[in-house]
Amino acid sequence: MTGPLTLIGHNTLGLLRYASGLSELSAKTAYWTFIAPFKGRGLKWSSTVHQAVTVGYAAVPIVSVISFFIGMVLAFQSAYQLEKLGATYFVAALVGVSLTRELGPLITAVVVAGRSGSAFAAEIGTMKVSEEIDALEVMGLNRIKYLVVPKYLAMVVMMPCLTLLSDLAGIFGGASFGVGQLDQTFSMYILATRDALIMKDISTGLVKSVVFGALITTIGCYEGFSVRGGAEGVGKATTSAVVVSIFLVIVADLVFTAIFYYTG
């Protein structure tokens with residue numbers, strides 16, 4: 001029994017160390033983002049804008065295309081069932097609510113984790129391996145302020161924007177199916193979507209997107225700071241950043257969905 005118990009204990013301690021490291025990095029990032037600027041320690045706005053363009057603007061095409069097709073798939077699958085009941089009018093409602101509350105923020109988070117979360121880990125990991133982070137600290141520069149905060153701010157601001165774009169693209173994808181296959185006009189489909197949605201549906205997805213963005217940034221940066229070794233370590237950190245980000249995003253999505261459901 002020594003082997004299995006040792007393995008369980010080792011993995012449990014590793015998980016606790018990982019959670020502790022993430023919590024510490026999150027606390028430091030929150031301090032340098034929201035508290036330090038009011039004490040005369042400004043933010044790196046130029047770096048933040050650059051990160052916002054990289055994280056947000058550059059992700060617009062892929063998020064839009066994927067969400068458009070997901071909206072079409074949702075419309076296909078819901079129409080397949082609803083047409084048995086003669087209720088295909090409600091396809092628009094199902095697609096709209098599913099996207100705004102759940103799939104829009106989740107799809108966006110998965111895409112951004114693959115694009116930006118991995119990039120954060122690779123960038124910081126490469127700097128760690130080449131000792132650039134040590135050089136920053138020797139010059140008296142805080143690594144959290146200069147490397148993490150711009151990414152954090154950019155992600156928290158751009159994730160809701162990308163989520164809204166994902167919602168719209170998915171709704172238009174469903175509308176293209178509704179117009180082509182369900183003999184609905186475009187205006188009829190949009191009106192049905194508008195009637196089905198309430199502000200809470202949209203705000204729920206936006207709240208989730210902010211949390212997802214913070215998680216992706218924190219995990220990507222933490223994996224970068226944790227790199228050991230050379231190029232192989234950077235590759236492992238990049239892979240781990242994507243896998244852990246997607247896993248924790250789904251866990252957070254479950255938690256928030258339950259909270260919004262029971263407080264609904």
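Basis for what follows: all heavy atoms, side chains included, without hydrogens, waters or symmetry-related copies. We number each residue from 1, following the sequence as shown.
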Query raised in the report: Is S166 reaching over with its side chain to a backbone N or O of L162, donor-acceptor style, under 3.5 angstrom?
Result: no
Requested in this report: Specify the closest pair of heavy atoms between A252 and L215, including all atoms of both residues, with the distance to one decimal.
Outcome: CB-CD1, 3.8 Å
Query raised in the report: Around atom CD of E132, are there more than 12 heavy atoms of other residues, nucleotides or ligands at under 6.0 Å?
Result: yes
Report summary line: Connected to V73, directly or through other members, by ILVMFWY side-chain contacts below 4.5 Å are none
Query raised in the report: Between S203 (side chain) and K200 (backbone), is there a donor-acceptor pair under 3.5 Å?
Result: yes
**Report entry** Short side-chain to backbone donor-acceptor contact, S78 and A75, under 3.5 Å
**Finding:** yes
Query raised in the report: According to the ring pair (Phe, Tyr, Trp, His ring centres under 6.0 Å) rule, which pairs have a member within residues 180-237, sequence neighbours left out?
Result: Y18-Y222, F172-F186
Query raised in the report: Measuring from I216:CD1 to R115:CZ, what's the distance to the nearest 0.5 Å?
Result: 11.5 Å
Query raised in the report: Can you list the steps and then say if L141 with E137 is a side-chain contact (heavy atoms from CB on, under 4.5 Å)?
Result: CA-CA 5 Å; L141 303 178; E137 294 179 343; over 6 Å; no
Report summary line: Closest heavy-atom pair, G213 versus T217, reported as atoms and distance to 0.1 Å, is O-OG1, 2.9 Å
Requested in this report: Calculate, to the nearest 0.5 Å, the distance between atoms CG and CG belonging to L99 and D201 respectively.
Outcome: 11.0 Å
Requested in this report: Could you please spell out the steps behind the side-chain contact (heavy atoms from CB on, under 4.5 Å) verdict for T29 and T218?
Outcome: CA-CA 8 Å; T29 303; T218 304; 5.5 Å; no
Report task. Flag the pair E223 and K236 as a salt bridge only when some basic side-chain nitrogen lies within less than 4.0 angstrom of an acidic carboxylate oxygen. Result -> no
Query - L147 side chain reached by N142 side chain, heavy atoms, under 4.5 Å - result: no
Report summary line: Separation between CD1 (I70) and CD1 (I107), nearest 0.5 Å, reads 4.5 Å
Report task. Check the hydrophobic clustering (I, L, V, M, F, W, Y; side-chain heavy atoms under 4.5 Å; chains of links allowed) and say if L82 and I171 are grouped together. Result -> yes
Query raised in the report: NZ of K151 to OH of Y146: how many Å apart, nearest 0.5 Å?
Result: 13.5 Å
Report task. Decide whether L7 and L13 are clustered together by the hydrophobic rule: side chain heavy atoms of Ile, Leu, Val, Met, Phe, Trp, Tyr closer than 4.5 Å, transitively. Result -> no
Report task. Using the side-chain contact (heavy atoms from CB on, under 4.5 Å) rule, take Y31 and K39 through it: C-alpha gap first, then chi angles, then the decisive distance, then the call. Result -> CA-CA 11 Å; Y31 170 80; K39 295 184 177 181; 4.0 Å; yes
Requested in this report: To the nearest 0.5 Å, tell me how far L103 CG sits from D167 CG.
Outcome: 9.5 Å
Query raised in the report: Going by heavy atoms in the side chains, are P150 and W45 under 4.5 Å from each other?
Result: no
Query - Cluster check F76, I66: I/L/V/M/F/W/Y, side chain < 4.5 angstrom - result: yes
Requested in this report: Say whether M158 and V53 are linked into one hydrophobic cluster, either directly or through other cluster members, by side-chain heavy-atom distances under 4.5 angstrom.
Outcome: no
Query - Cluster overlap V179 with F68, hydrophobic side-chain contacts below 4.5 Å - result: yes
Query raised in the report: Side chains of V249 and V211: closer than 4.5 Å at any heavy-atom pair?
Result: no
Report summary line: Here the pair of heavy atoms bringing T257 nearest to E102 is OG1-OE1, 3.4 Å
Requested in this report: State, with a plain yes or no, whether a side-chain heavy atom of I202 is found less than 4.5 Å away from one of L164.
Outcome: yes
Requested in this report: Compare every heavy atom of A92 with every heavy atom of T193, then report the nearest pair and how far apart it is.
Outcome: OG1-CB, 3.5 Å
Query - Working for side-chain contact (heavy atoms from CB on, under 4.5 Å), residues R143 and M127 - result: CA-CA 11 Å; R143 62 178 183 172; M127 294 180 69; over 6 Å; no
Requested in this report: Taking the side chain as every heavy atom from C-beta outward, state whether K208 and D253 have any pair of such atoms under 4.5 Å apart.
Outcome: yes
Report task. Starting at CG of L74, measure out to OG of S98 and round the result to the nearest 0.5 Å. Result -> 5.5 Å
Report task. Over all heavy atoms of both residues, which pair between I246 and A113 is shortest? Give the atoms and the distance, please. Result -> CG1-CB, 4.2 Å
Query - Student check: side-chain heavy atoms of S209 and T108 closer than 4.5 Å - result: no
Requested in this report: Please confirm whether the backbone N or O of G173 pairs with a side-chain atom of S176, one donor and one acceptor, at under 3.5 Å?
Outcome: yes
Query raised in the report: With a 4.5 Å heavy-atom cut-off, do V148 and F120 have their side chains touching?
Result: no
Query raised in the report: Are L25 and I144 close enough that some pair of their side-chain heavy atoms sits under 4.5 Å apart?
Result: yes
Query raised in the report: What heavy-atom pair brings G104 and T163 nearest, and what distance separates the two atoms?
Result: C-CG2, 4.1 Å
